[in-house]
Amino acid sequence: MTFEEMIRRASETNRSRIVLALDLEDPDPDALLERSSRILRESGEYVCAVKINRQLVLALGLRNGVDKLVKFAHELALPSIMDAKLNDVGHTNEFMLRSYIDAGFDAVIASPLVGWEGGLDSVFGLAKSKGKAVILLVYMSNPGADALYSLRTMSAMGKPTQVFELLAEMAVEWKANGVIVGATKPEIISRVRQLVGREMAIFSPGVGAQGGDARSAVESGSDYLIVGRSIYTDPIPSAAAKRYRDMAL
Ligand code: BMP
């Protein structure tokens with residue numbers, strides 16, 4: 001099953017648009033794996049995917065660490081996204097992606113700022129050959145993101161445009177499987193939706209802890225909301241996951 005089929009199916013079954021960002025920290029790797037697994041087990045029925053970031057990869061490693069969580073997510077019928085933000089030259093990107101695929105991931109996040117040739121060409125090539133998905137950063141959720149992503153520039157055709165609009169067009173041209181636009185920027189979500197069309201999935205992080213509003217992100221065109229701290233720091237993470245699930249129905 002492709003990533004797109006897996007997330008759509010999990011989203012329908014659990015009636016959820018929530019991607020759980022498991023960014024827990026703990027100096028003890030065993031305790032970290034245990035806590036991460038527990039949150040995933042308890043919240044699994046309220047989410048449609050799990051996203052893993054460097055907090056777990058650096059602390060647990062991929063083999064015999066993060067791969068166990070990916071396997072557990074699959075047992076819960078949830079796809080897993082590696083938030084690698086791939087942004088290097090081709091051979092390094094390709095090495096990283098191969099390692100994540102070997103650990104069982106279904107999708108990877110990459111930055112289009114590195115460009116196609118000798119940048120993301122190898123990422124898309126490897127991902128497609130292995131049936132994996134690539135999700136591109138189009139507009140980040142943090143306040144400082146405006147400086148670059150909103151920059152006014154010219155398209156190759158000499159038309160005035162903004163950097164994020166070019167990135168959204170690249171995502172279409174490169175046949176990305178999804179784009180990331182911060183939930184903190186509902187008006188940007190609407191504009192990206194116009195540019196990428198109905199079929200491309202929009203993932204929006206920044207709900208809750210970063211101030212983004214679940215409802216307005218969905219109303220602006222987001223398909224999936226990425227939520228981390230507002231779920232896993234809650235005294236009852238499953239209740240928080242259910243709350244965000246219900247907010248974004
Ligand atoms: P939180 O809900 O705790 O703010 O976490 C958001 C998650 O989404 C983090 O894993 C972060 O790396 C990721 N993210 C983000 O916050 N903004 C972006 O623009 C892109 C991201 O991947």
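For ligands, and for the atoms within them, numbers begin at 1 and follow the listed sequence. Keep in mind that what you see is a predicted model, and the values were worked out from it rather than measured.
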## Note on the structure
When distances are taken from atom 2 (O) of ligand 1, the protein heavy atom at minimum range is Gly228 N, 2.8 Å
### Query
Should Asp246 and Lys242 count as an ion pair when the cut-off is N to O under 4.0 Å?
yes
### Task
Identify the protein heavy atom lying closest to atom 8 (O) of ligand 1, giving its residue, its atom name and the separation to 0.1 Å.
Pro205 CB, 3.5 Å
### Shortest protein heavy-atom distance from atom 9 (C) of ligand 1, along with the residue and atom involved
Asp23 OD2, 3.2 Å
### Task
Using a strict cut-off of less than 4.0 Å between a Lys/Arg side-chain nitrogen and an Asp/Glu carboxylate oxygen, indicate whether Glu4 and Arg8 qualify as a salt bridge.
no
### Message
I need the contact type for Ser141 against ligand 1. Using non-hydrogen atoms and a strict under-4.0 Å cut-off, is it side chain, backbone, both or neither?
### Response
both
### Summary
ligand 1 to Met140, heavy atom cutoff 4.0 Å, flagged ligand atoms 18 (C), 19 (O), 20 (C)
#### Entry: Protein heavy-atom partner closest to atom 6 (C) of ligand 1 - residue, atom, separation in Å
Gln210 NE2, 3.7 Å
### Message
Using a 3.5 Å distance criterion without hydrogens, assess whether the side chain of Asn14 forms a donor-acceptor pair with backbone atoms of Ser16.
### Response
no
### Message
In this structure, does ligand 1 have an atom that sits under 4.0 Å from one of the heavy atoms of Lys85?
### Response
yes
#### Entry: Qualifying ring-ring contact (aromatic ring centres under 6.0 Å, His included) pairs, either residue in residues 192-221, two or more places apart
Phe203-Tyr224
### Query
When you check the side-chain N and O atoms of Gln210 and Ser141, is any donor under 3.5 Å from an acceptor?
yes
### Task
Give the residue and atom name of whichever protein heavy atom lies nearest to atom 12 (O) of ligand 1, and the separation in Å to one decimal.
Asn53 ND2, 2.9 Å
## Note on the structure
Logged contact type for Asp83 with ligand 1, heavy-atom cut-off 4.0 Å, is side chain
#### Entry: Closest non-hydrogen atom pair, Ser122 against Asn93
OG-CB, 4.4 Å
### Message
What I want to check is whether the side chains of Asp106 and Ser80 have a donor and an acceptor closer together than 3.5 Å.
### Response
yes
### Message
Distance under 4.0 Å to a non-hydrogen atom of Arg229: what atoms of ligand 1 satisfy this?
### Response
1 (P), 2 (O), 3 (O), 4 (O)
### Query
Between Ser150 and Tyr139, does any side-chain donor sit less than 3.5 Å from a side-chain acceptor?
yes
### Query
Any sub-3.5 Å donor-acceptor pair from Arg35's side-chain atoms to Glu25's backbone N or O?
yes
### Task
Sequence neighbours left out, what pairs pass ring-ring contact (aromatic ring centres under 6.0 Å, His included) with at least one residue falling in residues 22-75?
none
#### Entry: Residue Ile226 vicinity, atoms of ligand 1 by number, heavy atom under 4.0 Å
8 (O)
### Protein residue, atom and distance nearest to atom 13 (C) of ligand 1, heavy-atom basis
Lys51 NZ, 3.7 Å
### Task
Return a yes/no value for Ile109: is any of its N or O atoms, backbone included, closer than 3.5 angstrom to an N or O of ligand 1?
no
### Query
What do you reckon, does Tyr232 have a nitrogen or oxygen under 3.5 Å from a nitrogen or oxygen of ligand 1?
no
### Close N or O approach (Asn142, ligand 1; < 3.5 Å)
no
